Amino acid sequence: MAASIISAVGLTVVVQSSRAADNRPVVPPAGAVGADKLVISVGQVDAPATLTLYEDPRCPGCAQVERLLHTTINKLQDEGKLRVDYHVLSFVDNIVSGTGSKHAANALAAAQNAGRFREYHDALFAAQPKSETDDAFGDKQVLLDLAAKVKGLDTDRFAAAVKDGTHDTWVNKVQEEFDKQTEIQGTPAVFFKGKDLIRDTEHPLTPQRLTKLVEAEAEH
């Protein structure tokens with residue numbers, strides 16, 4: 001069942017993003033890594049295996065992948081075998097209109113500041129509307145209500161960051177840098193050792209497949 005689900009993941013095709021001007025400084029979340037600090041990395045920095053995920057909070061295929069794999073990913077992270085580098089995109093707002101991708105990405109950055117990125121990330125994708133045309137995450141109260149279910153996020157600091165869009169310019173910057181590349185044409189994109197596992201049709205991505213790949217790296 002898992003193989004058939006992951007093989008049938010629908011891709012959300014990326015389009016060039018247009019953004020209203022926001023002249024505030026770019027504020028990366030705590031611990032962001034890479035050029036310009038545009039990547040949120042979860043897991044031990046010296047983990048033997050690295051997974052790179054490109055996701056949009058409104059992308060249904062991304063939610064499908066997360067619902068299938070997040071338990072396995074969390075387990076491998078907790079075992080010190082896997083680090084996951086997240087590129088949090090927001091282009092769906094530009095495809096079907098709305099603000100949910102951007103607001104949710106900002107909330108994820110705020111959760112990273114509180115040391116609760118993984119927990120909020122899992123809760124967010126579990127609660128994603130069934131259709132990307134449903135802009136439920138455009139309502140910041142919905143994002144705050146989700147945070148109330150995550151230990152450590154029901155705080156004034158988190159609420160202020162969500163309401164004020166503290167990381168909106170960072171979200172814009174992540175998307176702008178992504179728009180400059182041409183290799184990835186849609187999400188979800190799940191890269192391991194330079195190969196997108198979603199598009200490896202000969203080896204469908206399942207929890208078992210991911211575990212096998214990661215543990216092979218851990219044995220080296």
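Owing to the predicted nature of the structure, the values given are computational and were not obtained by experimental measurement. Start at 1 with the first residue, then count along the sequence.
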Expected list for residues 152-167: side-chain donor-acceptor pairs under 3.5 angstrom, two or more places apart:
from, atom 1, to, atom 2, distance (Å)
Thr155, OG1, Phe158, N, 3.1
His167, ND1, Val27, O, 2.6
His167, NE2, Asn113, ND2, 2.9

Holding to side chain to side chain donor-acceptor pair (under 3.5 Å), I want the full list of residues that pass it with Glu79, two or more places apart in sequence or in another chain. Lys75, Lys81
Angle class for the Phe178/Phe91 ring planes (parallel below 30°, perpendicular above 60°, tilted otherwise)? parallel
Tell me, which pairs form a salt bridge (Lys or Arg N to Asp or Glu O under 4.0 Å) where one or both residues lie in residues 116-133, sequence neighbours left out? Asp78-Arg118
Considering only Ile, Leu, Val, Met, Phe, Trp and Tyr, and joining two whenever side-chain heavy atoms are under 4.5 Å apart, list the other residues clustered with Phe125. none
Contacts table for residues 30-45: side-chain donor-acceptor under 3.5 angstrom, sequence neighbours left out:
from, atom 1, to, atom 2, distance (Å)
Ser41, OG, Arg83, NE, 3.3
Ser41, OG, Asp85, OD1, 2.7

Determine, using ring centers only, whether Tyr54 and His87 are less than 6.0 Å apart. yes
Applying side chain to side chain donor-acceptor pair (under 3.5 Å), can you list everything that pairs with Lys212, at least two apart in sequence or on another chain? none
Inter- and intrachain pairs under salt bridge (Lys or Arg N to Asp or Glu O under 4.0 Å), touching residues 181-194, at least two apart: Lys193-Glu217
Does any non-hydrogen side-chain atom of Leu143 lie less than 4.5 Å from one of Leu124? yes
Taking only residues two or more places apart in sequence or in another chain, which ones pass ring pair (Phe, Tyr, Trp, His ring centres under 6.0 Å) with Tyr86? Phe117, His121
Residues which pass side-chain contact (heavy atoms from CB on, under 4.5 Å) with Ala136, listed by chain and number, not counting sequence neighbours: Pro129, Asp134
Qualifying residues under side chain to side chain donor-acceptor pair (under 3.5 Å), relative to Thr71, sequence neighbours excluded: none
Kindly write out the residues that satisfy salt bridge (charged side-chain N to carboxylate O under 4.0 Å, His left out) with Asp139, not counting sequence neighbours, or none if the list is empty. none
With sequence neighbours left out, what residues match His70 under side chain to side chain donor-acceptor pair (under 3.5 Å)? none
